[in-house]
Amino acid sequence: MFHPLDNLRDYELILASGSPRRRELLAMLDIDFRVDISHSVDETVPDGLDASEVAPYLSRLKAEAYPLLPGEKKLVITADTVVILDGEVLGKPLDEADARRMLARIQGRTQKVVTGVTLRTSERMTTFSAESEVDFAPLTDEEIAYYVDRYKPLDKAGAYGIQEWIGAAGIRRINGSFYNVMGLPVQRLYSMLKEI
């Protein structure tokens, strides 16, 4: 039976990410994979790295941490997503107060979401990134507090999940991939996987 990613049939696919959203998005491609988050890395970013290069840099770092033997038929997929506002990377909030501060900064404004993705086999490693612009409507302090209290977005870059209440209530417009804002630019990933 035909499968559009039949070129991957000899590989064991490994998603090296604990994100339930990335798991869900990768599953949309109808491929078998397993999740392995046993190889953690120090995600310190070098001083002076341009904000748009942070996510691709971190995805490469995560891929390099995964041990592969020569000739081993494994394909490791890693990713990292950041929100950029005024040239500054907004990562995951430290606590609920930090989440409210981040959302107060981005409400009523447009920010950039960059996801870096790395595909690694024992023979090669390829990194790419996708960029989307997200335009937020103005939000009141009460709306921000409601979202943070109810949805606890502490595991999300920029303190929001586009697929949650705040996406429906607060996002006016997206220029780029919706899935990229969720954490994995699936169409671009699909195109790259066809080239493995």
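Keep in mind that the numbers below use all heavy atoms, side chains included, and drop hydrogens, waters and symmetry copies.
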Side chains of [X] and [Y]: does their closest heavy-atom pair fall under 4.5 Å?
X	Y	answer
Leu13	Leu8	yes
Arg21	Asp155	yes
Lys74	Thr121	no
Val45	Leu58	yes
Leu26	Leu184	yes
Thr78	Arg120	no
Asp149	Glu96	yes
Glu164	Tyr147	yes

Judged by atom type as modelled, is there a donor-acceptor pair below 3.5 Å linking the side chain of [X] to the main-chain atoms of [Y]?
X	Y	value
Glu88	Leu85	no
Arg9	Asp6	yes
Ser122	Pro70	no
Arg23	Gly18	yes

Membership question, hydrophobic clusters at under 4.5 Å side-chain separation (ILVMFWY): are [Y] and [X] in the same one?
X	Y	value
Leu61	Leu49	yes
Val181	Leu29	yes
Leu68	Val117	no
Ile84	Val54	yes
Tyr11	Met125	no

For [X] against [Y], the heavy-atom pair lying closest together:
X	Y	value
Pro153	Pro93	O-CG, 3.6 Å
Gly71	Glu123	CA-OE2, 4.0 Å
Ser129	Pro56	CB-CG, 3.8 Å
Ser59	Thr127	OG-CG2, 3.8 Å
Val82	Ala51	CG2-O, 4.4 Å

* Any Lys/Arg nitrogen of Lys62 or Asp80 sitting under 4.0 Å from an Asp/Glu carboxylate oxygen of the other? -> yes
* Asked: Could Arg109 and Asp86 be called an ion pair, given the rule that one side-chain N must be under 4.0 Å from one carboxylate O?
  -> yes
Contacts table for residues 165-178: side-chain donor-acceptor under 3.5 angstrom, sequence neighbours left out:
unit_1: Arg172; atom_1: NE; unit_2: Asp135; atom_2: OD2; d: 3.1
unit_1: Arg172; atom_1: NH2; unit_2: Asp135; atom_2: OD1; d: 3.3
unit_1: Arg172; atom_1: NH2; unit_2: Phe136; atom_2: O; d: 3.0
unit_1: Arg173; atom_1: NH2; unit_2: Asp135; atom_2: OD2; d: 2.7
unit_1: Ser177; atom_1: OG; unit_2: Tyr179; atom_2: N; d: 3.2
unit_1: Ser177; atom_1: OG; unit_2: Asn180; atom_2: N; d: 3.0

Taking atom [atom1] of [X] and atom [atom2] of [Y], what is their separation to the nearest 0.5 Å?
X	Y	atom1	atom2	value
Asp50	Tyr57	CG	OH	14.5 Å
Arg100	Met102	CZ	CE	12.5 Å
Lys112	Glu131	NZ	CD	4.0 Å
Ser19	Leu25	OG	CG	7.5 Å

* To do: Give the intermediate values and the outcome of side-chain contact (heavy atoms from CB on, under 4.5 Å) for residues Asn7 and Ile196.
  => CA-CA 7 Å; Asn7 59 306; Ile196 295 291; 4.1 Å; yes
* Structure fact -> The complete set of salt bridge (Lys or Arg N to Asp or Glu O under 4.0 Å) pairs with one or both residues in residues 184-196, sequence neighbours excluded, reads none
* To do: State whether a side-chain donor-acceptor pair under 3.5 Å links Gln111 with Tyr160.
  => yes
* Are Arg60 and Thr118 linked by a side-chain donor-acceptor pair shorter than 3.5 Å? -> no
* Tell me, with the steps shown, if Leu154 and Lys92 meet side-chain contact (heavy atoms from CB on, under 4.5 Å). => CA-CA 6 Å; Leu154 302 183; Lys92 296 173 184 173; over 6 Å; no
* Applying side-chain contact (heavy atoms from CB on, under 4.5 Å), run through Leu189 and Leu119 and close with a yes or a no. => CA-CA 9 Å; Leu189 174 59; Leu119 306 177; 3.6 Å; yes
Solution key, residues 31-39 side-chain donor-acceptor pairs under 3.5 Å, sequence neighbours excluded:
unit_1: Arg34; atom_1: NE; unit_2: Glu12; atom_2: OE2; d: 2.4
unit_1: Arg34; atom_1: NH2; unit_2: Glu12; atom_2: OE2; d: 3.3
unit_1: Asp36; atom_1: OD1; unit_2: Ser38; atom_2: N; d: 2.9
unit_1: Asp36; atom_1: OD1; unit_2: Ser38; atom_2: OG; d: 2.5
unit_1: Asp36; atom_1: OD2; unit_2: Tyr66; atom_2: OH; d: 2.8

* Verify side-chain contact (heavy atoms from CB on, under 4.5 Å) between Val114 and Thr81, making sure each step is shown before the conclusion. => CA-CA 6 Å; Val114 178; Thr81 301; over 6 Å; no
